[in-house]
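Below: one structure, written as structure tokens.
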Number of protein chains: 2
Amino acid sequence: MGHTDPVTTTGPKGRRGRPPRGSATLSRERVVEAALALVDEEGLDQISMRKIAQRLRVDPMSLYNHVADKDDVLDGIAEALLAGIPAPPADGSPRERMEAVARGFRTAMLAHPKAAPTVLTRQLASPAGLAPLAAAVAPLLDAGCPPREAVHALRAALGFLVGSLLREVNAGPSFGTDPAAGGQRRRTLESAELPSLTAIAPHLAVCDHEAEFEYGLDLVLTAVERKLPG
Amino acid sequence: MGHTDPVTTTGPKGRRGRPPRGSATLSRERVVEAALALVDEEGLDQISMRKIAQRLRVDPMSLYNHVADKDDVLDGIAEALLAGIPAPPADGSPRERMEAVARGFRTAMLAHPKAAPTVLTRQLASPAGLAPLAAAVAPLLDAGCPPREAVHALRAALGFLVGSLLREVNAGPSFGTDPAAGGQRRRTLESAELPSLTAIAPHLAVCDHEAEFEYGLDLVLTAVERKLPG
DNA sequence: ACCTGAACACCGTTCAAGT
DNA sequence: ACCTGAACACCGTTCAAGT
């Protein structure tokens, strides 16, 4: 529905063989781009090779000339999101530089909340993920942190980032963010025989994701900062 | 392969109608149990309603008398894992009690590493998840932490737990844990033009998950502890 | 070199029919 | 009340055939 197509499409469905001159040629990039658009609209579980092909006005099997399989498409989506993380400024305190990477990471994920789990739940060994990783450790090394310790701190911080963002993107727009919404959930919380839960139920029912992220980021980065020499 | 079946099975495939007296009757619990066993053996993505039914020696459609749909089965698996978290001792310092919950959570996930993502990636609003949540906040409240702050701290710590465990269970048994294995990955790391990465590459290539978890847990809980009054 | 379509081996789930 | 099987509308992917 309502997908604005560029003028460049392959011809009517009867076609066969090479595309006519002037039509956009297929490529891994274009496949991933179409897949990401589809995920943004319909969600990760709604994606299929056949739907991606349909959106590109191409036979489903044509995709396999440019990607290995569906998993490769998901890898491509993850890379695309990671590429959206801005390079942080190289000046500023270690703390400020680490904050910049973390916030850039969050912003990049929130730009495609439905696609974000591809990044957050898979092994990010791709080159696209290495740049932000490097940007995150650099401040620690510059501050004199020994490499071994820097990796520990990096992994702890990354754990927090991944877990927090996964919660945020999974929550969906209609839960946690709206103070009036938590009714049913609140009831669930209070019905249990857990006194410590009933005490915090009102606060659990709402969640300002931005504020929550900043609270946790401050907590973690303060702890990391304290590990630095000097 | 090699699945040890109890004596209680429904008859040969020709059957129809109610099961014969003496055969184990189907139930939500038994469906979830079979599904979990299947996930443990073959992985989350290999699960299907049809395979679960096959393992129970039952028509695939019979499952729908006890679960709403496939997603409901996954919810059941998540609940089962959460139920495996031991109730922590009520005595000890706040710090010790929080550590106990965190380690119990990790142990429960590692008991079913292939199923753990069901817990880690979905909204855990089920009653089974509330008990550990209550056990985790209780020490904070007991220490005089105001409820609002306790929820912030809880969410930050939970973010770390989820992100860390997701990395651990996704890593698989053959990566990170073995010092000799990281060869190819190491080469990927060093080939990039990122000096800060080459500096830490040897440490990134290996990962003792247990030690990493304890490092991060100490980092986070120390930070949380510092927020407590007194 | 790239695109195509038929075909294969699967899916989740609805529904009417059994007992 | 519960189990069954046929049927529907999908999947991802292989392969031989086209241009």
Side-chain angles (χ1 to χ4, degrees), chain A residues 1 8-35 38-39 41-77 118 122, chain B residues 1 8-35 38-39 41-77 118 122:
Chain A
M1 46 189 67
T8 52
T9 60
T10 40
K13 60 175 172 177
R15 270 211 60 270
R16 189 180 266 255
R18 305 263 304 290
R21 218 193 344 263
S23 78
T25 142
L26 222 44
S27 67
R28 185 186 149 90
E29 196 183 33
R30 250 168 57 85
V31 172
V32 169
E33 179 186 298
L38 205 54
V39 172
E41 289 171 17
E42 309 196 18
L44 252 186
D45 50 339
Q46 285 303 311
I47 202 185
S48 81
M49 296 302 275
R50 287 161 137 106
K51 283 186 191 171
I52 297 168
Q54 196 175 42
R55 171 179 276 264
L56 289 166
R57 300 268 227 275
V58 136
D59 185 279
M61 291 313 107
S62 299
L63 304 182
Y64 288 88
N65 289 307
H66 302 93
V67 296
D69 52 20
K70 191 182 179 179
D71 211 61
D72 191 29
V73 175
L74 295 176
D75 279 342
I77 291 179
T118 57
R122 46 183 59 215
Chain B
M1 46 185 70
T8 52
T9 59
T10 41
K13 60 176 173 178
R15 272 212 58 272
R16 190 181 265 256
R18 304 262 305 288
R21 219 195 342 264
S23 77
T25 142
L26 222 44
S27 67
R28 184 185 149 91
E29 196 183 33
R30 249 168 58 83
V31 172
V32 169
E33 180 186 297
L38 205 54
V39 172
E41 289 171 18
E42 310 196 17
L44 252 187
D45 50 338
Q46 285 303 310
I47 202 184
S48 81
M49 297 301 275
R50 287 161 136 108
K51 283 186 190 171
I52 297 167
Q54 195 175 43
R55 172 179 274 264
L56 289 167
R57 301 267 228 273
V58 138
D59 186 279
M61 290 314 108
S62 299
L63 305 182
Y64 288 89
N65 289 307
H66 302 93
V67 296
D69 52 20
K70 191 182 180 180
D71 210 62
D72 192 28
V73 175
L74 295 176
D75 280 342
I77 291 179
T118 56
R122 46 183 58 216

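Residue numbering restarts at 1 for every chain, and letters A, B, ... go by the order of the sequence lines.
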To the nearest Å, give me how far apart NZ (A:K51) and C1' (D:dA9) are. 12 Å
Exercise: identify the closest heavy-atom pair between A:V67 and A:V31: CG1-CG1, 4.1 Å
Any salt bridge (Lys or Arg N to Asp or Glu O under 4.0 Å) pairs touching residues 58-74 of chain B, not counting sequence neighbours? B:R28-B:D72, B:D71-B:R122
Write down the distance between CD1 (B:I52) and P (C:dC11), rounded to a whole number of angstrom. 11 Å
Rounded to whole angstroms, how far apart are CD on B:Q54 and C1' on D:dT4? 16 Å
Within a strict 4.5 Å, meaning less than it, do heavy atoms of the B:L63 and B:V73 side chains meet? no
Can you tell me the distance, in whole Å, between the CE atom of A:M49 and the P atom of D:dC10? 18 Å
Rounded to whole angstroms, how far apart are CD on A:Q46 and C1' on D:dC10? 11 Å
Nearest heavy-atom approach of B:A53 to B:P60 is CB-CA, 3.3 Å
Does OP1 or OP2 of D:dT4 have a side-chain N or O of B:S62 closer than 4.0 Å? yes
Euclidean distance for P, C:dA9 against D:dA9 (whole angstrom): 22 Å
In whole angstrom, what separates B:D59's CG from C:dA16's P? 17 Å
For a stem of at least 3 consecutive Watson-Crick or G-U pairs with distances under 3.5 Å, i pairing with j, i+1 with j-1 and so on, which stems involve DNA chain D? C:4-8 with D:12-16, C:12-16 with D:4-8
Side-chain donor or acceptor of A:H66 paired with backbone N/O of A:L26 under 3.5 Å: yes
Rounded to the nearest angstrom, tell me the gap between atom CZ in B:R30 and atom C1' in D:dC2. 14 Å
In short, B:I52 meets B:A35 closest at the heavy-atom pair CD1-CB, 3.7 Å
Gap between atom CZ of A:R55 and atom CD of A:E33 - 0.5 Å precision: 9.5 Å
Output the residues of residues 63-76 of chain B in contact with DNA chain C, where contact means a heavy atom of the residue under 4.0 Å from an atom of the strand; sort by number or write none. B:Y64, B:D69, B:K70
A:R50 CZ to C:dG5 P: how many Å, rounded? 13 Å
Can you give each donor-acceptor pair under 3.5 Å made by side-chain atoms of residues 42-50 of chain A, sequence neighbours left out, with the distance rounded to 0.1 Å?
residue	atom	partner	partner atom	Å
A:Q46	OE1	A:K51	NZ	3.2
A:S48	OG	A:R50	N	3.4
A:S48	OG	A:K51	N	3.0

